[in-house]
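Reckoned from all heavy atoms, side chains included, excluding hydrogens, waters and symmetry mates.
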Amino acid sequence: MRPIIILVLLVIVAFSAGCGGSAHANGPEKVVASFYPLAFAAQEIGGRKVEVENLTPAGAEPHDLEVSPSDVRDVRGADLVLLLGHGFQPQLEDAAGTGGRVLVLLDTPGLNRFPNDDPHVWLDPLRYARIAQRIGAALHATSQTKSFVTRLRALDREYRRALDRCTRHEIVTSHEAFAYLGQRYGLQQIAITGLSPEAEPSPQDLRKVIDLVRRTRATTIFFETLVSPRIAETVARETGAKTAVLNPIEGLTPEEANRGEDYFSIMRSNLASLREALGCR
């Protein structure tokens, strides 16, 4: 069914926008990014030399993105298309196709991805740095890339220092998004649901998580900003724990965008939440 939808959209675009040639002539290079972490890296690295469009609107869950005819038109007219790939946003991946102007960033060498196809590599600053380097190479922005990667490496050092001495090392999350972060900093993720943030756990799985929370004496059940906290609240109520936000940074809410939040500020908010939940000194 999905290929039929994409074919229809492409036909609409062909009639409404002609051949849809590249927008990069005398102005800034047009970059289309599939969701926030890729758009943020491109904007920070490209600066005024690029015009970056994030196809996932503020407040939207990127897994749920449905491609519109205007999205297809923008993708086909871009100088550079940044996708995470590997089924993270399948309609958009089908619309973008392949070619030298399309970067599938989960194919970046050195990410050392987990065999379960977990896509959340950007939550590890050093893996995100590898993605940023690939984006920077495509934009021919050597010095800006170096500056951005330096900031990511400094963030990594902040995390290492802040999580070095903690009473607990288990993080209970509503969504299985923090395994790469956990691996980098010696934390064990206990996820209530799987890689899809809207998956519903079975009663048996929910009971297992509740039992594990009690055994590990976890004090905090983390939920995220773009999906309902209902399941996290259920586990917290059953175990006497509290709830708090641990943001997977798949996108900004409109409120976060209005406050000027970005990847770095949210990662530091996450770090503060982790330190409190894990009893770090």
Side-chain angles (χ1 to χ4, degrees), residues 1-17 20 30-42 52-109 111-124 127-128 130-131 134-135 138 173-180 191 193-201 224-228 247-253:
M1 184 66 184
R2 195 171 74 222
I4 295 174
I5 294 172
I6 297 300
L7 180 60
V8 170
L9 291 173
L10 290 173
V11 170
I12 293 171
V13 169
F15 276 103
S16 64
K30 181 168 177 56
V31 179
V32 169
S34 64
F35 78 131
Y36 173 75
L38 307 185
F40 178 68
V52 179
E53 179 183 2
N54 178 3
L55 290 182
T56 302
E61 222 294 321
H63 298 269
D64 298 336
L65 182 67
E66 294 186 1
V67 175
S68 69
S70 65
D71 292 334
V72 178
R73 184 164 53 246
D74 291 343
V75 165
R76 290 170 66 85
D79 298 294
L80 182 65
V81 179
L82 304 177
L83 306 175
L84 199 60
H86 290 255
F88 184 71
Q89 293 170 300
Q91 282 194 17
L92 186 55
E93 292 164 28
D94 287 345
T98 59
R101 67 186 186 89
V102 178
L103 288 188
V104 177
L105 289 154
L106 281 182
D107 290 339
T108 300
L111 290 181
N112 297 318
R113 293 181 59 218
F114 297 146
N116 66 346
D117 290 329
D118 185 346
H120 302 90
V121 290
W122 62 90
L123 292 170
D124 170 3
R127 285 181 169 94
Y128 188 36
R130 289 187 176 273
I131 286 174
R134 191 158 171 228
I135 293 171
T173 63
S174 61
H175 172 200
E176 192 179 355
F178 298 93
Y180 292 109
T193 63
L195 292 173
S196 171
E198 295 178 346
E200 288 281 337
E224 60 189 75
T225 50
L226 295 180
V227 296
S228 169
N247 194 329
I249 324 182
E250 294 184 345
L252 301 181
T253 65

I would like to know whether T56 and E250 meet side chain to side chain contact (heavy atoms under 4.5 Å, CB included); could you show each step before the answer?
CA-CA 9 Å; T56 302; E250 294 184 345; over 6 Å; no

Mark yes or no for whether D79, through its side chain, and K30, through its backbone, hold a donor-acceptor pair below 3.5 Å.
yes

Using modelled atom types and a 3.5 Å cut-off, is there a donor and acceptor pairing between side-chain atoms of E93 and backbone atoms of G87?
yes

To the nearest 0.5 Å, how far apart are CD1 in I131 and CG in L105?
5.5 Å

Of all heavy-atom pairs between P119 and L106, which one has the smallest distance, and what is that distance?
O-CD2, 4.0 Å

Quick one, R127 with N112, criterion side chain to side chain contact (heavy atoms under 4.5 Å, CB included). Give me CA distance, side-chain angles, the key distance, then yes/no.
CA-CA 9 Å; R127 285 181 169 94; N112 297 318; 4.0 Å; yes

Of all the heavy-atom pairs spanning Y180 and D118, show the shortest one and how long it is.
OH-O, 2.8 Å

Measure centre to centre between the rings of W122 and F35, then say whether the value is under 6.0 Å.
yes

Rounded to the nearest 0.5 Å, how far does CG of L38 lie from OH of Y128?
7.0 Å

When you measure from the side chain of E61 to the backbone N and O of H63, does any donor-acceptor pair fall under 3.5 Å?
yes

Rounded to the nearest 0.5 Å, the OG atom of S34 sits from the CD atom of Q91 at a distance of 13.5 Å

How many angstroms lie between CG in L84 and CG in L103, if you round to the nearest 0.5 Å?
12.0 Å

Distance col, row Q89:CD vs L65:CG, nearest 0.5 angstrom, shows 5.5 Å

Determine the minimum heavy-atom distance between E224 and P248, stating which atoms define it.
CB-CD, 3.4 Å

With V75 as partner, the option from V102, V32, V67 fulfilling side chain to side chain contact (heavy atoms under 4.5 Å, CB included) is V32

Start with the C-alpha gap between H86 and D107, add the side-chain angles, then the distance that decides, and say whether side chain to side chain contact (heavy atoms under 4.5 Å, CB included) holds.
CA-CA 9 Å; H86 290 255; D107 290 339; 2.6 Å; yes

What's the spacing between N247 CG and L226 CG if we round to 0.5 Å?
7.0 Å

Contact summary for A39 and V52, nearest pair of heavy atoms
O-CG1, 3.8 Å

Compute whether any side-chain donor of one residue and acceptor of the other, for H120 and E176, lie under 3.5 angstrom apart.
no

When you measure from the side chain of R134 to the backbone of V104, do you find a donor-acceptor pair of N or O atoms at a distance under 3.5 Å?
yes

